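What follows is a set of notes on a single structure, which appears directly below.
Fair warning: this is a prediction, and the values are worked out from it, not measured in the lab.
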Amino acid sequence: MKYTQLGRTGLKVSRLVLGTMNFGPQTDEADSHAIMDAALDAGINYFDTANVYGWGENKGRTEEIIGNWFAKGGERRDKVVLATKVYGNMAADGDAWPNHDKLSALNIRRAVDASLKRLRTDYIDVYQFHHIDRRTPFEEIWQAVDVLVQQGKILYVGSSNFPGYKIAQANEIAARRHGTIGLVSEQCLYNLAERHAEMEVIPAAQEYGLGVIPWSPLQGGLLGGVIKKEVGGGRRASGRAADSLANTTIRAQVQSYEDLLDKHGIEPGEAALAWLLTRPGVTGPIVGPRTAAQLDSALRAVELELSDELLTGLDEIFPGPGPSPEAFAW
């Protein structure tokens, strides 16, 4: 496994991030524990989750599965850089009691304690805001964070799904009014087929020293050889990937992508991950394996070297938006 610093911090993390969203809803506890063991054995030390994972009436279940794994001992907790998230409504029926969601100081305090209990640990390495809260000022958010850092309950803070201007606003307020480090990472939707983050989010993250953690690196399976699997009688596309393939233009684009990689003898999913690892500012993509075999495929991507010819071909098939403001101004 290869490692890098998380943004401007001294924290060293693996170039792949283990996403746990499938643990519980699609992968049972025993298999989830086996995947985490295999990830740790392979050198992945950065594990990502969220308080809402498990979904519906099972919100929090994913954190519980991770907590039970930590409780097995064997230095599991000490070896893991643990990231979880706050913002979501934790009510099973979706009808949150006031102050039981978003980023008020009260909910942050409550949510941290609940996550710590489920995770069976006394601290969280990277505590992430899952979304912007338009009604809570950053002065209040940073005041709550300062208390939690002083208590030793969290070490670093990251964002997820933030626009570029909110990354800037959050860190300017942290630096000028509190003298604290502010956000150290940003999780954003970013992959070959969805490159809007290159316009504002990634430049803001680089300017303020945040590590970029792309989620959905295969665009919901669209970049994982979906047409090849379909033709071969394998698992058919579903969800966002199926919706995308219904568009004839996108289907032709994906077919060109798969044909290009077939020419180079590279598996599509591994190429999509390897491409992200070449992108400026990217710390490492989140991979969310349902099975051990999917984890093995992701691990191969770390060692995969993409030729200049192939990178050029990928850019031709999936062109980025270009830098801001040139992309929309000139």
Side-chain angles (χ1 to χ4, degrees), residues 1-20 35-50 63 66-67 69-70 72-85 112 115-116 119 121-129 145 148-149 152-160 162 167 170-171 174-175 180-188 190 197 201-202 204-215 217 270 273-289 295-296 298-305:
M1 179 53 59
K2 298 177 182 178
Y3 299 90
T4 189
Q5 305 302 125
L6 181 62
R8 66 193 185 284
T9 75
L11 191 63
K12 188 173 290 186
V13 296
S14 50
R15 295 298 317 269
L16 287 182
V17 180
L18 182 68
T20 62
I35 289 171
M36 286 187 280
D37 281 333
L40 203 60
D41 288 344
I44 296 177
N45 75 334
Y46 197 2
F47 288 19
D48 176 77
T49 191
E63 286 188 332
I66 297 170
W69 181 74
F70 284 149
K72 290 181 174 182
E75 299 185 320
R76 285 175 170 83
R77 178 64 188 95
D78 288 342
K79 291 180 177 179
V80 167
V81 174
L82 174 64
T84 191
K85 307 183 191 75
V112 164
S115 285
L116 289 172
L119 289 162
T121 185
D122 56 4
Y123 71 100
I124 294 163
D125 297 286
V126 186
Y127 199 52
Q128 301 163 120
F129 307 134
V145 166
L148 294 173
V149 170
K153 293 181 178 180
I154 64 175
L155 302 182
Y156 303 92
V157 179
S159 58
S160 182
F162 271 35
I167 291 172
N171 276 20
T180 56
I181 193 171
L183 300 173
V184 303
S185 63
E186 160 61 18
Q187 273 191 30
C188 57
Y190 184 38
V201 175
I202 293 175
Q206 289 183 280
E207 183 72 20
Y208 285 93
L210 280 66
V212 175
I213 313 293
W215 61 265
E270 294 170 20
L273 291 172
W275 177 83
L276 280 169
L277 292 171
T278 70
R279 305 309 299 165
V282 169
T283 300
I286 296 175
V287 296
L295 176 61
D296 289 340
L299 289 168
R300 288 193 292 271
V302 178
E303 303 299 330
L304 187 59
E305 297 288 339

Any idea which heavy atoms bring S14 and M1 closest together, and the distance? CB-CG, 3.8 Å
Check L304, L299, V302 against E270 for a side-chain contact (heavy atoms from CB on, under 4.5 Å) and give me the one that passes. L304
Is there a donor-acceptor contact under 3.5 Å from the side chain of R76 to the main chain of D37? no
How far does CG of N45 sit from CG of D78, to the nearest 0.5 angstrom? 12.5 Å
Close side-chain approach of V126 and L6, heavy atoms under 4.5 Å: yes
Is V201 close to Y190 at the side-chain level, that is, under 4.5 Å between some pair of heavy atoms? no
Could you walk me through whether Y46 and L11 satisfy the side-chain contact (heavy atoms from CB on, under 4.5 Å) test, starting with their C-alpha distance in whole Å, then the side-chain angles of each, then the deciding distance to 0.1 Å, before giving a yes or no? CA-CA 10 Å; Y46 197 2; L11 191 63; over 6 Å; no
Is P214 close to I286 at the side-chain level, that is, under 4.5 Å between some pair of heavy atoms? no
Measure from the side-chain N and O atoms of S115 to the backbone N and O of V112, and report whether any donor-acceptor pair falls under 3.5 Å. no
CZ of R300 to CG of L295: how many Å apart, nearest 0.5 Å? 10.0 Å
CD of Q206: more than 12 outside heavy atoms within 6.0 angstrom? yes
For L210, is there any backbone N or O sitting under 3.5 Å from a side-chain donor or acceptor partner on S185? no
Side chain to side chain, T121 and I66, heavy atoms closer than 4.5 Å: no
Nearest heavy-atom neighbours spanning P285 and L276: CB-CD1, 3.8 Å
Within this structure, what is the CD1-CG distance for the pair I124 and L148, rounded to the nearest 0.5 Å? 8.5 Å
With sequence neighbours left out, what residues match Y127 under ring-ring contact (aromatic ring centres under 6.0 Å, His included)? none
Any side-chain heavy atom of P289 within less than 4.5 Å of one from D296? no
Mind running side-chain contact (heavy atoms from CB on, under 4.5 Å) on V81 and Y156 for me, showing each step along the way? CA-CA 11 Å; V81 174; Y156 303 92; over 6 Å; no
Specify the closest pair of heavy atoms between I202 and P280, including all atoms of both residues, with the distance to one decimal. CG2-O, 3.9 Å
With a 3.5 Å distance limit and no angle check, can you tell me whether N171 reaches the backbone of L183 through a side-chain donor-acceptor pair? yes
More than 12 heavy atoms of other residues, nucleotides or ligands under 6.0 Å from NZ of K12: is that the case? no
Which pair of heavy atoms, one from G284 and one from V17, lies closest together, and at what distance? O-CG2, 3.7 Å
Atom CG in D122, atom NZ in K153: separation rounded to 0.5 Å? 10.5 Å
Do the side chains of D125 and R77 get close enough for a salt bridge, i.e. N-O under 4.0 angstrom? yes
Which heavy atom in A274 sits nearest to a heavy atom in A301, and how many Å separate them? CB-O, 3.8 Å
Separation between CG (L277) and CD (E305), nearest 0.5 Å, reads 10.0 Å
Can a donor-acceptor pair be found, under 3.5 Å and without considering hydrogens, that links the side chain of E186 to the backbone of V212? no
T49 side chain to E63 side chain, donor-acceptor N/O pair below 3.5 angstrom: no
Between R8 (side chain) and Y208 (backbone), is there a donor-acceptor pair under 3.5 Å? yes
Between I213 and D48, is a side-chain contact (heavy atoms from CB on, under 4.5 Å) present by the stated rule, with each step listed? CA-CA 10 Å; I213 313 293; D48 176 77; over 6 Å; no
Taking it one step at a time, do M36 and V80 satisfy side-chain contact (heavy atoms from CB on, under 4.5 Å)? CA-CA 10 Å; M36 286 187 280; V80 167; over 6 Å; no
Between Y123 and L82 the two heavy atoms that sit nearest each other are O-CD2, 4.4 Å
Output yes when a side-chain donor or acceptor of Q128 lies under 3.5 Å from a complementary backbone atom of T84, and no otherwise. yes
When rounded to the nearest 0.5 angstrom, what is the spacing between CH2 in W69 and CG in L40? 4.5 Å
